[in-house]
Amino acid sequence: MKCPYCGFPESKVIDSRPTEDGTSIRRRRECLDCRKRFTTYEKLETISLIVVKQDNSRQPYDREKVLRGLIRACEKRPITYSQMETVVDEIESEFYQSMAKEVTSTEIGEKVMNHLKELDEVAYVRFASVHKHFSDIYSFMTELQKLLEEK
(Lines give C-alpha, C1' and ligand atoms only; values in the text may rest on other atoms or scores of the structure.)
Protein backbone atom coordinates (compact mmCIF):
# COMPACT_ATOMS: atom_id res chain seq x y z
CA MET A 1 0.00 0.00 0.00
CA LYS A 2 1.44 3.34 -1.06
CA CYS A 3 1.98 5.85 1.80
CA PRO A 4 -0.35 8.87 1.44
CA TYR A 5 2.31 11.12 3.02
CA CYS A 6 5.55 10.29 1.24
CA GLY A 7 4.43 7.91 -1.54
CA PHE A 8 6.72 5.06 -0.43
CA PRO A 9 5.27 1.82 -1.86
CA GLU A 10 5.72 -0.37 1.23
CA SER A 11 4.05 -0.38 4.63
CA LYS A 12 3.42 -2.83 7.42
CA VAL A 13 0.09 -3.68 9.02
CA ILE A 14 0.03 -2.79 12.71
CA ASP A 15 -3.58 -3.70 13.51
CA SER A 16 -6.49 -5.36 11.67
CA ARG A 17 -10.09 -5.59 12.77
CA PRO A 18 -13.52 -5.89 11.17
CA THR A 19 -15.70 -2.77 10.94
CA GLU A 20 -18.83 -2.57 13.06
CA ASP A 21 -21.08 -3.76 10.25
CA GLY A 22 -18.69 -6.61 9.41
CA THR A 23 -18.55 -5.82 5.70
CA SER A 24 -14.93 -4.67 5.59
CA ILE A 25 -11.60 -4.88 7.40
CA ARG A 26 -9.97 -1.80 8.92
CA ARG A 27 -6.18 -1.89 8.84
CA ARG A 28 -3.78 0.46 10.61
CA ARG A 29 -0.55 0.69 8.65
CA GLU A 30 2.85 2.24 9.17
CA CYS A 31 5.02 3.48 6.32
CA LEU A 32 8.40 1.74 6.27
CA ASP A 33 10.09 4.96 5.12
CA CYS A 34 8.62 7.98 6.95
CA ARG A 35 7.04 5.93 9.83
CA LYS A 36 3.72 7.82 9.66
CA ARG A 37 0.56 5.82 10.27
CA PHE A 38 -2.59 5.66 8.17
CA THR A 39 -5.78 3.61 7.92
CA THR A 40 -7.01 1.55 4.98
CA TYR A 41 -10.20 -0.42 4.49
CA GLU A 42 -10.41 -3.72 2.67
CA LYS A 43 -13.79 -4.59 1.19
CA LEU A 44 -15.05 -7.58 -0.76
CA GLU A 45 -15.16 -6.85 -4.47
CA THR A 46 -18.65 -7.40 -5.80
CA ILE A 47 -19.90 -7.98 -9.30
CA SER A 48 -20.91 -4.87 -11.14
CA LEU A 49 -24.64 -4.49 -11.52
CA ILE A 50 -26.19 -2.80 -14.55
CA VAL A 51 -29.51 -0.96 -14.20
CA VAL A 52 -31.86 -1.11 -17.16
CA LYS A 53 -33.89 2.11 -17.20
CA GLN A 54 -37.47 2.40 -18.46
CA ASP A 55 -36.24 3.77 -21.82
CA ASN A 56 -34.05 0.60 -22.11
CA SER A 57 -30.83 2.56 -21.60
CA ARG A 58 -28.29 0.97 -19.29
CA GLN A 59 -26.11 2.48 -16.60
CA PRO A 60 -24.01 1.19 -13.70
CA TYR A 61 -25.83 0.67 -10.42
CA ASP A 62 -25.35 3.64 -8.10
CA ARG A 63 -25.89 2.96 -4.40
CA GLU A 64 -25.90 6.69 -3.63
CA LYS A 65 -28.80 7.28 -6.01
CA VAL A 66 -30.95 4.71 -4.18
CA LEU A 67 -29.91 6.20 -0.84
CA ARG A 68 -30.83 9.73 -2.02
CA GLY A 69 -34.31 8.49 -2.95
CA LEU A 70 -34.70 6.96 0.50
CA ILE A 71 -33.49 10.14 2.21
CA ARG A 72 -36.05 12.21 0.29
CA ALA A 73 -38.87 9.80 1.14
CA CYS A 74 -37.88 9.61 4.81
CA GLU A 75 -37.39 13.35 5.31
CA LYS A 76 -38.82 14.48 8.67
CA ARG A 77 -39.72 10.90 9.56
CA PRO A 78 -38.35 8.97 12.58
CA ILE A 79 -35.97 6.92 10.45
CA THR A 80 -32.23 7.06 11.02
CA TYR A 81 -29.60 7.25 8.31
CA SER A 82 -28.33 3.91 9.58
CA GLN A 83 -31.74 2.32 8.97
CA MET A 84 -31.76 3.69 5.42
CA GLU A 85 -28.28 2.30 4.79
CA THR A 86 -29.46 -1.06 6.10
CA VAL A 87 -32.35 -1.02 3.61
CA VAL A 88 -29.91 -0.36 0.74
CA ASP A 89 -27.56 -3.09 2.05
CA GLU A 90 -30.42 -5.61 2.13
CA ILE A 91 -31.60 -4.68 -1.37
CA GLU A 92 -28.06 -5.00 -2.74
CA SER A 93 -27.65 -8.33 -0.99
CA GLU A 94 -30.86 -9.62 -2.59
CA PHE A 95 -29.63 -8.69 -6.06
CA TYR A 96 -26.13 -10.08 -5.55
CA GLN A 97 -27.51 -13.34 -4.17
CA SER A 98 -29.70 -13.70 -7.24
CA MET A 99 -26.49 -13.49 -9.33
CA ALA A 100 -28.26 -11.14 -11.74
CA LYS A 101 -25.95 -8.96 -13.80
CA GLU A 102 -28.76 -6.66 -14.91
CA VAL A 103 -31.70 -5.35 -12.93
CA THR A 104 -34.47 -2.98 -13.96
CA SER A 105 -35.03 0.34 -12.23
CA THR A 106 -38.59 -0.87 -11.61
CA GLU A 107 -37.29 -3.89 -9.68
CA ILE A 108 -35.12 -1.64 -7.53
CA GLY A 109 -38.05 0.67 -6.85
CA GLU A 110 -40.32 -2.25 -5.92
CA LYS A 111 -37.75 -3.58 -3.45
CA VAL A 112 -37.33 -0.13 -1.89
CA MET A 113 -41.12 0.17 -1.52
CA ASN A 114 -41.37 -3.28 0.09
CA HIS A 115 -38.77 -2.32 2.68
CA LEU A 116 -40.32 1.11 3.29
CA LYS A 117 -43.78 -0.41 3.75
CA GLU A 118 -42.41 -2.30 6.78
CA LEU A 119 -40.33 0.63 8.04
CA ASP A 120 -42.62 3.65 7.70
CA GLU A 121 -45.92 3.94 5.83
CA VAL A 122 -45.63 7.69 5.20
CA ALA A 123 -42.17 7.26 3.66
CA TYR A 124 -43.59 4.37 1.63
CA VAL A 125 -46.36 6.55 0.16
CA ARG A 126 -43.90 9.36 -0.57
CA PHE A 127 -41.57 7.01 -2.41
CA ALA A 128 -44.43 5.25 -4.21
CA SER A 129 -45.81 8.59 -5.43
CA VAL A 130 -42.59 9.20 -7.36
CA HIS A 131 -41.88 5.59 -8.35
CA LYS A 132 -45.42 4.90 -9.59
CA HIS A 133 -45.81 8.35 -11.15
CA PHE A 134 -48.95 9.37 -9.25
CA SER A 135 -50.61 12.00 -11.40
CA ASP A 136 -53.58 12.97 -9.23
CA ILE A 137 -55.21 12.56 -5.84
CA TYR A 138 -57.03 9.41 -6.99
CA SER A 139 -53.71 7.63 -7.53
CA PHE A 140 -52.79 8.49 -3.94
CA MET A 141 -56.15 7.30 -2.65
CA THR A 142 -55.87 4.00 -4.51
CA GLU A 143 -52.43 3.32 -3.00
CA LEU A 144 -53.61 4.35 0.48
CA GLN A 145 -56.63 2.05 0.13
CA LYS A 146 -54.33 -0.88 -0.74
CA LEU A 147 -52.22 -0.07 2.31
CA LEU A 148 -55.27 0.00 4.58
CA GLU A 149 -56.57 -3.29 3.18
CA GLU A 150 -53.25 -4.99 3.93
CA LYS A 151 -53.61 -3.99 7.58
Side-chain angles (χ1 to χ4, degrees), residues 1-5 11 13-30 36-151:
M1 178 62 60
K2 193 179 207 180
C3 175
Y5 302 106
S11 63
V13 175
I14 298 168
D15 180 45
S16 282
R17 62 181 68 175
T19 56
E20 285 183 26
D21 62 3
T23 60
S24 58
I25 303 290
R26 177 185 177 271
R27 298 196 193 282
R28 285 296 291 159
R29 296 177 175 270
E30 183 179 298
K36 288 189 179 178
R37 293 183 176 186
F38 56 98
T39 302
T40 60
Y41 291 88
E42 183 178 310
K43 195 169 189 166
L44 179 66
E45 187 176 5
T46 56
I47 59 169
S48 60
L49 194 60
I50 300 296
V51 178
V52 181
K53 307 294 278 183
Q54 289 182 347
D55 65 358
N56 283 328
S57 65
R58 286 168 167 67
Q59 66 185 60
Y61 169 77
D62 183 2
R63 174 189 177 86
E64 295 305 313
K65 195 170 183 179
V66 177
L67 199 51
R68 281 192 306 271
L70 275 169
I71 290 169
R72 253 183 263 123
C74 298
E75 191 173 338
K76 296 182 182 179
R77 300 298 304 155
I79 299 167
T80 66
Y81 186 78
S82 177
Q83 287 174 298
M84 289 183 258
E85 282 187 317
T86 300
V87 167
V88 177
D89 288 343
E90 289 173 1
I91 290 168
E92 287 176 350
S93 179
E94 291 171 29
F95 284 125
Y96 290 133
Q97 286 177 5
S98 74
M99 300 297 286
K101 295 198 187 282
E102 290 188 343
V103 62
T104 66
S105 57
T106 302
E107 288 175 294
I108 295 171
E110 293 294 325
K111 287 194 180 292
V112 170
M113 286 192 310
N114 290 339
H115 284 273
L116 280 177
K117 193 182 287 186
E118 296 173 17
L119 194 60
D120 186 273
E121 292 170 342
V122 172
Y124 163 77
V125 172
R126 285 179 179 170
F127 189 88
S129 70
V130 174
H131 179 69
K132 293 186 174 187
H133 309 291
F134 289 173
S135 57
D136 54 30
I137 192 72
Y138 300 108
S139 304
F140 268 104
M141 292 304 294
T142 303
E143 194 63 34
L144 289 173
Q145 192 62 37
K146 284 184 200 172
L147 202 55
L148 288 171
E149 288 171 6
E150 288 177 13
K151 284 192 156 204

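We number each residue from 1, following the sequence as shown. Because only heavy atoms are used, hydrogens play no part in the values below, and waters and symmetry mates are left out as well, while side chains stay in.
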Open item on the list: Which heavy atom of V13 sits nearest to which heavy atom of S16, and what is that distance?
Closed with: CG1-OG, 3.5 Å
Task: pair D89-E92: side-chain heavy atoms closer than 4.5 Å - done: yes
Open item on the list: On a heavy-atom basis, which atom in F127 and which in G109 lie closest, and how many Å separate them?
Closed with: CE2-O, 3.6 Å
Task: Distance (rounded to the nearest 0.5 Å) between K2 NZ and T40 OG1 - done: 15.5 Å
- [ ] Answer yes or no: is there a side-chain heavy-atom contact under 4.5 Å between F95 and L49?
- [x] yes
- [ ] Of all the heavy-atom pairs spanning D120 and I79, show the shortest one and how long it is.
- [x] CB-CD1, 3.3 Å
Open item on the list: In the structure I gave you, are the side-chain heavy atoms of M84 and V88 within less than 4.5 Å of one another anywhere?
Closed with: no
- [ ] Please name the residue in the list H131, K65, Q54 that meets the side-chain contact (heavy atoms from CB on, under 4.5 Å) test with S105.
- [x] Q54
- [ ] Mind checking the CD1-CD spacing from I50 to E102? Nearest 0.5 Å is all I need.
- [x] 7.0 Å
Open item on the list: If you compare all heavy atoms of L116 against all heavy atoms of A73, which two are closest, and at what distance to 0.1 Å?
Closed with: CD1-CB, 4.3 Å
- [ ] Would you indicate whether the side-chain heavy atoms of E143 and K146 approach each other to under 4.5 Å?
- [x] yes
Open item on the list: Using side-chain heavy atoms (C-beta onward) and a distance below 4.5 Å, is F134 in contact with T142?
Closed with: no
Task: side-chain contact (heavy atoms from CB on, under 4.5 Å), paired with L119, selected from T86, L70, N114, V87 - done: V87
Task: Interatomic distance, F38 atom CZ to R28 atom CZ [nearest 0.5 angstrom] - done: 9.0 Å
Task: K53 NZ to I108 CD1 distance, which is reported to the nearest 0.5 Å - done: 8.0 Å
TODO: First locate atom CG of D15, then atom CZ of R37, and finally report the distance between them rounded to the nearest 0.5 Å.
DONE: 9.5 Å
- [ ] Just jot down the side-chain contact (heavy atoms from CB on, under 4.5 Å) partners of Y81, sequence neighbours excluded, or say none.
- [x] L67, I71, E85
Open item on the list: Please report the interatomic distance CD(E42) to CE(M1), rounded to the nearest 0.5 Å.
Closed with: 8.5 Å
Task: Atom CD of E150 with >12 non-hydrogen neighbours under 6.0 angstrom - done: yes
- [ ] Look at E75 together with R126 and state whether they make a salt bridge at an N to O cut-off of under 4.0 Å.
- [x] no
Open item on the list: Ignoring hydrogens and geometry beyond distance, is a side-chain donor-acceptor pair present between D136 and S139 at under 3.5 Å?
Closed with: yes
TODO: Identify the two heavy atoms, one from I25 and one from P18, that lie closest to each other, and give their separation to 0.1 Å.
DONE: CD1-CA, 4.1 Å
